[in-house]
Number of protein chains: 2
Amino acid sequence: MKNPIEQLNKVFDSRVRLGIMSAVMVNDEVNFNELKELIQVTDGNLASHLKTLEENGYLLVKKGFIGRKTNTTYAITKSGEKAFKAHIDALEKMIKGLH
Amino acid sequence: MKNPIEQLNKVFDSRVRLGIMSAVMVNDEVNFNELKELIQVTDGNLASHLKTLEENGYLLVKKGFIGRKTNTTYAITKSGEKAFKAHIDALEKMIKGLH
DNA sequence: TAAAAGCACTTTGAGATTAAAAGTAAACAG
DNA sequence: CTGTTTACTTTTAATCTCAAAGTGCTTTTA
């Protein structure tokens, strides 16, 4: 049996990124402000985590408008979903080992 | 209901530290090599994570000998146990929200 | 209607964190 | 003895995180 710790994804170590991912897992689309509200981080901080996730191909960014206001939404990609599920599985295995 | 993400402990974000903690949760004492074997990190990396955990009061370090060889063992403290359990609870809550 | 304020991010740069390389001291091997 | 290994520790380099400042609109206000 291999160690579940090795299966944990480094990208998801960060609380902020974990929060973003769980938000996009349960919602088709989330926008910047919803995420900011949910996770309680500064703009810059949130943006940089979003960028990392995007660069890893886990997040799809759609820049649009609501009326005349810009509105950027974030959605999970197939690969993001796969990676995140694997991470959660590893987490669950690890936790189970503790009870 | 407040966001479980806020309840996650920053100290336990790191995979390495998560691994160390889960090892000391289930074993009374673990030594450096066992941890190194388990987590697959370099010595220096492991040592620095152990130090962080020790500095946070989550780990108790006992320097001893096996025969003539030095043997340093690590054990979880009461406070480490409490903190780690809280972290796991938050993790579980977050995961549950996803299913 | 020009200036000020707000919004939704992005960029920047400093500080913190992580990781690996190098170092050290004791023990063991030949 | 001399060289090598073991078990860490220290140092240094790389990476990451975060918040402050900046950008390009849009909206408000005087």
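Letters go in sequence order (proteins before strands), and every chain restarts at 1.
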(request) Quick one: label A/Thr42 by what it contacts on the DNA or RNA (base, sugar-phosphate, nothing), any heavy atom closer than 4.0 Å. (result) base
(request) For A/Asn27 and A/Glu29, indicate whether the former's side chain and the latter's backbone hold a donor-acceptor pair under 3.5 Å. (result) no
(message) In whole Å, I'd like the distance from the CG atom of A/Leu50 to the C1' atom of C/dT11.
(response) 15 Å
(message) Output the rounded distance in Å from CZ (A/Phe32) to P (C/dG6).
(response) 18 Å
(message) Quick check: on DNA chain D, is the nucleotide nearest A/Arg15 upstream (toward 5') of the one nearest B/Asn71, or the reverse? Name the residue that is more 5'.
(response) B/Asn71
(request) Quickly work out the A/Asn45 CG to D/dA20 P distance and round it to whole Å. (result) 11 Å
(request) Tell me whether the OP1 or OP2 atom of D/dC16 has a side-chain N or O from A/His49 closer than 4.0 Å. (result) no
(request) Quickly work out the A/Lys69 NZ to C/dA8 P distance and round it to whole Å. (result) 4 Å
(message) With a cut-off of less than 4.0 Å, is there a side-chain N or O of B/Thr72 near OP1 or OP2 of D/dC8?
(response) yes
(message) What I'd like to find out is whether the side chain of A/Val11 reaches to under 4.5 Å of the side chain of A/Leu53, using heavy atoms alone.
(response) yes
(message) Once you apply a heavy-atom cut-off of 4.0 Å, does A/Lys36 come out as touching a base, just sugar-phosphate, or nothing?
(response) nothing
(request) Please state whether the rings of A/His87 and A/Phe12 are parallel, tilted or perpendicular, taking 30° and 60° as the class boundaries. (result) perpendicular
(message) Could you tell me if the side chain of A/Val26 sits less than 4.5 Å from the side chain of B/Leu98, heavy atoms only?
(response) yes
(message) From C-beta outward on B/Arg68, which listed nucleotide comes closest to its side chain: C/dC28, D/dT27, D/dT9?
(response) C/dC28
(request) Starting at atom CZ of A/Phe65, determine the distance to atom P of C/dC9, rounded to an integer number of angstrom. (result) 11 Å
(request) Take the protein atom CD of A/Glu37 and the nucleotide atom P of C/dC7, then report the distance between them rounded to whole Å. (result) 14 Å
(request) Let me know the distance between CG of A/Leu46 and P of C/dC7, rounded to the nearest Å. (result) 17 Å
(message) Counting only side-chain nitrogens and oxygens, does A/Asn33 get under 4.0 Å of the OP1 or OP2 atom of C/dA8?
(response) yes
(request) Just call it for B/Arg17: base, sugar-phosphate, or nothing, with non-hydrogen atoms closer than 4.0 Å on any strand. (result) sugar-phosphate
(request) Check every strand shown and say whether B/Thr52 touches a base, only sugar-phosphate, or nothing at a heavy-atom separation below 4.0 Å. (result) nothing
(message) In this structure, how many angstroms lie between the P atom of C/dA19 and the CD1 atom of B/Ile39, rounded?
(response) 11 Å
(message) What I'd like to find out is whether the side chain of B/Val61 reaches to under 4.5 Å of the side chain of B/Tyr74, using heavy atoms alone.
(response) yes
(request) With the side chain of B/Lys63 defined as its heavy atoms from C-beta on, choose the nearest nucleotide among D/dC18, D/dT9, C/dC9. (result) D/dT9
(request) Return the nearest nucleotide to the side chain of A/Val16; candidates are C/dC9, D/dT9, D/dC18. (result) D/dC18
(message) Taking the minimum atom-to-atom distance to the side chain of B/Thr70, which one of D/dA7, C/dT10, D/dC18 wins?
(response) D/dA7
